[in-house]
Each structure stands twice: as structure tokens, then as C-alpha cells.
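One structure is given below, encoded as C-alpha cells.
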Amino acid sequence: MTETFYLADTAISWFVVASWLATFTASAWFAWLFAWLRFLFVKPSVLVLLYSHVFLQWPACIYAGTVEGFLPEPVALLVVLHGYVLLGLAGAGLTMRVSARRVWEGVRRGQGVYAGELALAATMVAGVCGVLVGMYLAVVPWRATGLYAILVEGVGASEARESSLKLLAQPAAKYAYSFASAAAAPLLAAVAGMLVVTAARARSWGSVAYAVALLGLAGTVVSLSGARIGLVNLVAVVAMVVLFRRGLTLRPTTLPLIVVAALAPAAILSFMREGGSVLDFPGRALEYLGYVWKRAFVTPFEMGLWFMQYEQTSGTMGWGGIPRLAQLFDVRPLDAANLIGLTYAPRVETGVLPTVGANAGYIFTTYAYGGVVLAPLTLLALWALDSALLVYERLRESVLIPTIASVSVSALMFLQSDYTIVWLTHGFGVLLILGLMTSAWLGLVGRFRWGGRVKPAELEEAPVDRAGGRVLGGSEG
């Protein structure tokens, strides 16, 4: 759909204008929230809406003319996506503001935690990660993993990934690796990333070396299947840790560096999956970075449109699209992702595997299951994500920022998968439980003071009202 797109060829219609107005309104709204009510960005609902705005709403705006010709009923997109973002912002800005402010204040206090306590937290999470990976490798040998195929054989990574994860017959091993890659490893990277900064300020170089080793462990874990998204998420998690430590302040020149750093590991893996060598990558870096950019900023929206067009041309999928509900209502289960993948993927690429899955965000899959009448349900599900604040309020300061950072990145999966799947398989709910476990474990062990308490430079340079005042101001709501 997007391969032959040219913005200058877009015909101006009421649908195109409505898409532009909705998108620009959302952009202005987010800018206002960031300037005056920044504490709301600890809410998962606000972050999901921000991700939806960047990765879905802006593509819908840019490709509005193409979408109008692709969908038989394009007006549905105004409700399913644009209405979701605007109404979602209205609800998210009015609910649980007091809890969000308390969590934000905890984030500000958590910038001066002890390096020793972070090291203990990292050790605990690394232990959980090791147990889960051990359960997986007990069933899938190292030589059968996608990572081995990439590093050693150079080819066959897609097939190895299918056989070592998607087609794995043992549910326990599959869930163990899912929990390790989607929850334990990201939280480990978040704690380790925070430990690097904290220990470096305290000049505790042994702790820095330990944290770097744990970051390497986390990167290996998420790459075992050969998937590229894991490394992207880890870079994003560490970036989120740094952002929250700085009170969500960022130099404009730093943002492009973060984007390139996040996309580079995925681009290198893509190159190696096709038999290329790391030494040859610099010569084709722009080509593969462009490919990964498209996968990140265009593909999620395009796959969502596949679900919408299927509903509008073939009818709703019904409860069969949700296997657990299909069993409950005694309906034949339907592999919706595989059905959409087999229907549309051959139109845009060759060599599509029979097990292909086209994964789209829950607002699109929900529409495919029951039509536009289920749009209010997606809003209720969105606002329910803020129940995470109840967990955040109970976490120790040393665990708070890493948990928020990892949960914030996990929330990105709501743009690529069904709602309930993200809570479990993609780690959103598991991260909250693991954060509580880590916090409770630290409470049992006691408060350790390795390396002393560090006061971040950004707190020394900025008066309190820089992160408060406008940010923490406003009514309690």
C-alpha cells in the first residue's frame, strides 16, 4: 500500500482534512501536557497514546489519501484511531492524577539511590532471568537457537526462530523464554543501566563493570530467538531510565542519537540474518537503517489497515479471533494473525512462510473481531492500564525508575498485539509483579550503602520548580 506513495499526489478531501486536524490537535495536546503536566507521563495510558500518536496517527495523517482508497469505509479509521487518541487523552488527563503525582515525586527522589542497593536488585533480577533461560535451553539446544544461526551459520535464522520459539511444543519452555525476554531481561537492563550511571558518579568502577556485564547478559537473552525487536527494546529501556532520572528533560540534539542507537542493533541483525558480516555493515548501514525505520514507523500501521480492510470486505471475525473467548463461547478458534498474514503479506513480499503472523495493535484487532461498536471497549481497556500506578506507589525508590522504564517500553507492544497478550506474553503485567518481588526482596535483605548516596548533577543544576512548578503544578483533579 505504501510502496508507491507520493505525498504530493494526495488529493484533498474531507477525510484527509479530518485526519490532519485530528493529528495536529493531538500533537498540540501532547506538547501542552509535556510543558505543564509532565507528571502524567508516568501513566501507561498516556504513553500508549503517545506511541499511538507517533507510530499510528502520524502515518494515518501522512498516508490519509492512500488510506481513503484502500479502505471501503475509511471513516471507521477516524473513530478507531483518531477518536481513540483524542478521547483517550481526555480521560487519561482527568483520572488518577493524585497517584500519578505521587509516583512522579517518587521518581524525583529515586534519582539519588544507593549503588549498592541497585547492585542487589540487579543480582536478584539476573537470577530470575537465568532460571527462565535455563528452562528454555534445557529444551532448545544452543545450536538450535536463532542467535546461533545468525552468528555461526549466517543463514536460516528465520527457520531457526520458527522452530525454536513459534513452533516449540513445550508450553513451559515457550512461556519461560517469553517471560525472560519480555520482562526479566528488560528490567535487568533497566536496573543495570541505572547502576552504571549511579556507580560511575560514585567512582565505583567495579559496580560499573558488573552492570555492563549484566547489560551484555540481557542483550544475549533477548536475542536468543534471533528476533531484532529485543535489542531495540533494551536500548529504549536504558534510554527511558536516563530520561526519567533527568525528569524527562532532553536536549533536542540527543533525540536523533537515541533513535539511531535503538535502530542500529536491529539493522545489524537484519544484515547478518541475510548472511552479511558485521565488518561489511557500515557500507550498507543507511539501507538497513531505512528498512528497520519502515518496520518501526510504517509496518504497524499498515498491518492495522489489513485487519480493518478484512473486516470491511469479509465481515467481522467474531469471538473466534480470541482463542480463550472462543473456548468459552464454544466457537471454533481462528488464528487471526496467520489469516491476515497469509492474505496480505504475499502482496508486499516474497517467500512468506506458512506460519507467518501479521500482528497489529489491539485497537485494530478489536475492530476486526466486532466492528466499530467495540471502540468504547478499547478506551476502557486503555484507562485500565493506569492500575499500574497502584504498583508503582508500593515500590522502593531503587526499583521505581527501572520498573517504570521497562513497563513504559513494554506498553509499546499494545500497538503490535492483542490487549491480553501484552499483559502476559509481552510482559506488561509480569513486569509489575517482578518489580514488586524485587522491591520486597530488597526490603527483606535490608538497606545497603555501597558507594554512598549520589546526588545527580541534573538536580544540582536545576531548581526544584524546573521539574515541579509547571510540571507538578495544576489542580489535583
Side-chain angles (χ1 to χ4, degrees), residues 34 38-44 46-47 50-51 54 103-115 117-119 121-122 125 185-205 207-219 222 230-266 392 395-412 431 435 438 451 453-462 466-467 471:
F34 191 77
R38 197 172 304 180
F39 68 91
L40 290 179
F41 283 84
V42 301
K43 301 183 69 173
V46 174
L47 289 172
L50 178 61
Y51 298 150
V54 173
V103 171
W104 178 259
E105 291 169 351
V107 167
R108 300 298 289 175
R109 292 192 303 270
Q111 295 171 353
V113 297
Y114 295 100
E117 188 164 331
L118 287 170
V125 180
L187 185 57
L188 175 60
V191 178
M194 193 163 174
L195 176 57
V196 168
V197 178
T198 304
R201 290 184 181 277
R203 300 184 183 277
S204 178
W205 306 118
S207 295
V208 171
Y210 180 55
V212 170
L214 292 179
L215 285 171
L217 172 63
V222 299
L231 286 176
V232 175
N233 287 344
L234 285 194
V235 175
V237 164
V238 175
M240 279 288 191
V241 168
V242 175
L243 284 174
F244 277 109
R245 286 191 81 257
R246 295 179 58 86
L248 291 180
T249 59
L250 179 69
R251 294 192 184 101
T253 55
T254 305
L255 184 59
L257 297 178
I258 293 177
V259 173
V260 172
L263 297 181
Y392 293 164
L395 297 179
R396 295 174 67 90
E397 293 175 0
S398 57
V399 183
L400 179 59
I401 290 179
T403 302
I404 293 177
S406 50
V407 169
S408 297
V409 174
S410 174
L412 185 60
L431 278 164
T438 306
R453 191 174 182 86
V454 180
K455 185 177 182 181
E458 60 266 25
L459 291 184
E460 297 174 354
E461 297 169 356
R466 179 180 175 186
V471 177

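Along the sequence shown, residues carry numbers from 1.
- Here the straight-line distance linking atom OG1 of Thr198 with atom CD of Glu117 works out to 11.0 Å at 0.5 Å rounding.
- The shortest heavy-atom contact between Val196 and Ala211 is CG2-CB, 3.4 Å.
- When the side chain to side chain contact (heavy atoms under 4.5 Å, CB included) test is applied to Tyr210, the partners found at least two apart in sequence or on another chain are Thr123, Leu195, Leu214.
- Atom CG of Leu243 and atom CZ of Phe41 lie 12.0 Å apart (nearest 0.5 Å).
- Closest approach of Leu231 and Val222 over heavy atoms only: N-CG2, 3.9 Å.
- Taking the side chain as every heavy atom from C-beta outward, Leu400 and Phe244 never approach each other to under 4.5 Å.
- Across every non-hydrogen atom of Ser408 and Leu47, the tightest pair is OG-CD1, 3.1 Å.
- In this structure the side chain of Val103 reaches within 4.5 angstrom of the side chain of Ile404, judged on heavy atoms.
- Remark: Tyr51 engages no residue in a ring pair (Phe, Tyr, Trp, His ring centres under 6.0 Å) (not counting sequence neighbours).
- Within the model, atoms CG of Leu248 and CZ of Phe34 stand 5.5 Å from one another, a figure rounded to the nearest 0.5 Å.
- Residues Val191 and Pro402 approach most closely at CG2-CB, 3.7 Å, considering heavy atoms.
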Walk me through it: do Thr403 and Leu431 pass the test side chain to side chain contact (heavy atoms under 4.5 Å, CB included)?
CA-CA 7 Å; Thr403 302; Leu431 278 164; 5.5 Å; no
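- In this structure, Ser410 contributes its side chain and Ser406 its backbone to no donor-acceptor pair below 3.5 Å.
- Atom CZ of Arg108 sits about 10.0 Å away from atom CZ of Arg246, to the nearest 0.5 Å.
- A pairwise comparison of heavy atoms in Ser398 and Leu118 identifies O-CD2, 3.4 Å as the closest pair.
- A pairwise comparison of heavy atoms in Ala185 and Leu234 identifies O-CD2, 3.9 Å as the closest pair.
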